[in-house]
Amino acid sequence: MKKTAFIMMIIAMMLTVAACSGGNNGNNGNNGNGSAGTNSANGTGDPGATSATDGGSDNALTGDKPELRQLLPYNRIDPNSDYIANFLEEKTGYKVKYEMLPEEMPDEKLNLLMANKEPYDFMTLTKSQFFNLAEAGALEPLDDLLDQYGPNMKAGIMDETWKAATLDDKIYAIPQAGTGTAASMNLVMRKDWLDELGLAVPTTRDELYNVLKTIKEKKKVIPLVGYESIEPNIARTFGIANPWEEVDGKLIHQAENPRMSEYLAFMNKLYKEGLIDSEWPINTGSKVIEKFSSGQAAMMSLAWWSAPSMVGALKKNFPDAELVTLPYLPQDNGKAVIGVNTGITYFIAIPKWSKNKEHAVNLMNEKLEPALFKELVIGEEGVHHKFEDGKYFPILPKFNDDLNNGSYFLTGVDERTYADYWQARVRKDPVLQGYYDQFQEQAKGLFIIDPMSNAEPIPSIAEHTQKLAKFTEDTFLTYIAGSASLDTFESYLAQWKADGGEEMVNDANAWYAAHK
């Protein structure tokens, strides 16, 4: 595997961390978890549960269960005080200390943590984070651990799914699959302001521009608030829908899309004219919701899972506010498209230096014991959910009170049952269900699947994706804000190719040719 460059970077960061911390910041070494303990019972109260301790005498799960430490993506909750954290501790006997990456610069923080060999026992990673660490040799191969301690995971996760976490014929993570193809977000705006100004809902990119311009002139608010360089609802109107796409039988990366510079020029035009937030380059998702719900902005891109919190905050501040969802805006040819990745949502991996590898796998295995997994996802029947007409429905408000953040604690799903259970989560809130259903209805027939969705780890992509993504994000934001000229776009693209982009594209096409 091509990991030299990343390993050199890790060594450099380790030296920097050591220099800055005087060699030890108090977080290194033993985290108090002590000896590798045991699972003397399956902890679920279900005599039919499959426990990793069943059979065999060579078992590392003897003694007391250690406290485990898990690293998670950023979320606007305190996971350690959540109902689900307490539920899982009660059912499995494992106390877990949950920690999160920051909302800003999470990849950089993760790299520093790994350089410092922070003693996490398991980590929930994005695809690029997983590929990067697997390629660098920072993750523990799980095959033997799964054979001994992971029967529920091996039974509930499909063979095709495991391939996404397999590198050089070894499994390096628990791949957490999603629930299928679905639209995740769309533009929403203040309908009461549209009505006040006598404006129609925009249905094209040109109409969007005119509406934003009128809002700026008449309402004196931020017309469109957002963050990150690729605003998907606008980028799609230029035919930019997925990180990878097929053109004439060959794969190209989003960076090479022939209309990328045109999209960036349009975003720069919006920025210069004050039609998008002046703080776009430094905004976060939380800041976007805050600005929109406080009445500072007229339009934002809304993910359906964020709808309850955003709408609740907006209605608290402006009880009479009304919202409208735009249709998915079409390309110049009149056809709208929505990019979608049908692959893995998260990868749950174990650092090589974890002292509790067996316990980490055992805990994740227990969470996929059928009865426990069902209760983790939709709670107790008659208390949190009910089953009617072949479907699961939440019992409110108990479902929301206890299980609102349940998905955040998943470490893999039983693919045989998860899709059915998951529908109850959509039905847990009328606002959430309303936006989810509306987005799916609007998206019918518009999906374009990323051809690399289910690709197994490819060494060059694992090595280069994270650094090139940061390079691209930083560069594109300077183009949007006008601090760099788009006349340099070809220089950017040449640098992108030279720094590993060309190698990624060549290897992606080799994989694609073999799997079409």
Can you find a heavy atom in the side chain of [X] that is under 4.5 Å from one in the side chain of [Y]?
X: Y74; Y: P106; result: no
X: L224; Y: D277; result: no
X: I252; Y: E245; result: yes

(message) Can you classify the ring geometry of Y98 versus F409 as parallel (below 30°), tilted (30 to 60°) or perpendicular (above 60°)?
(response) perpendicular
Can you tell me how far apart [atom1] ([X]) and [atom2] ([Y]) are? Round to the nearest 0.5 Å.
X: E456; Y: I461; atom1: CD; atom2: CD1; answer: 10.0 Å
X: W244; Y: N509; atom1: CH2; atom2: CG; answer: 7.5 Å
X: F439; Y: Y328; atom1: CZ; atom2: OH; answer: 5.5 Å
X: T179; Y: R425; atom1: OG1; atom2: CZ; answer: 11.5 Å

Looking at every non-hydrogen atom in both residues, tell me the closest pair between [X] and [Y] and how far apart they are.
X: P457; Y: T166; value: CD-O, 3.0 Å
X: F347; Y: K127; value: CE1-CA, 3.7 Å
X: Y418; Y: A177; value: CE2-O, 4.5 Å
X: L197; Y: K218; value: CD2-CB, 3.5 Å

Side chains of [X] and [Y]: donor-acceptor distance under 3.5 Å anywhere?
X: N186; Y: Q442; result: yes
X: D78; Y: S81; result: yes
X: D499; Y: H464; result: no
X: S301; Y: N233; result: yes
X: Y479; Y: S485; result: no
X: E99; Y: N80; result: no
X: Y512; Y: E246; result: yes
X: N132; Y: E463; result: no

Counting heavy atoms not belonging to [X], are there more than 12 under 6.0 Å from its [atom1]?
X: E160; atom1: CD; result: no
X: Y346; atom1: OH; result: no
X: Q440; atom1: CD; result: yes

(message) Walk me through whether K269 and E273 qualify under salt bridge (charged side-chain N to carboxylate O under 4.0 Å, His left out).
(response) CA-CA 6 Å; K269 174 182 173 70; E273 296 182 14; 3.1 Å; yes
Salt bridge flag under 4.0 Å for residues [X] and [Y]:
X: E108; Y: K470; answer: yes
X: K250; Y: D248; answer: no
X: D332; Y: R259; answer: yes
X: E196; Y: K219; answer: yes

(message) Would Y492 and F471 count as a ring-ring contact (aromatic ring centres under 6.0 Å, His included) here? Give the steps.
(response) CA-CA 9 Å; Y492 148 77; F471 171 54; 5.3 Å; yes
(message) Here's one to test your reading of the geometry: is the NZ or CZ of R205 within 45 degrees of the ring axis of F238 and under 6.0 Å from its centre?
(response) yes
(request) Show your working on salt bridge (charged side-chain N to carboxylate O under 4.0 Å, His left out) between E279 and K291 and close with a plain yes or no. (result) CA-CA 11 Å; E279 295 184 328; K291 289 182 176 181; 2.5 Å; yes
(request) Determine, step by step, whether Q129 and L101 satisfy the side-chain contact (heavy atoms from CB on, under 4.5 Å) criterion, reporting the C-alpha distance in whole Å, the side-chain angles of both residues, the deciding distance to 0.1 Å, and the verdict. (result) CA-CA 12 Å; Q129 290 168 347; L101 289 170; 3.9 Å; yes
(request) Show your reasoning for whether ring-ring contact (aromatic ring centres under 6.0 Å, His included) applies to W304 and Y435. (result) CA-CA 5 Å; W304 56 261; Y435 276 99; over 10 Å; no
Side-chain donor/acceptor of [X] to backbone N/O of [Y], under 3.5 Å:
X: Y408; Y: P73; result: yes
X: N341; Y: G343; result: yes
X: E103; Y: S286; result: yes
X: T161; Y: I157; result: no

(message) Please identify which of these residues, M260, E473, R236, meets the side-chain contact (heavy atoms from CB on, under 4.5 Å) condition with I230.
(response) M260
(message) Taking the six-membered ring for Trp, are Y392 and Y421 closer than 6.0 Å centroid to centroid?
(response) yes
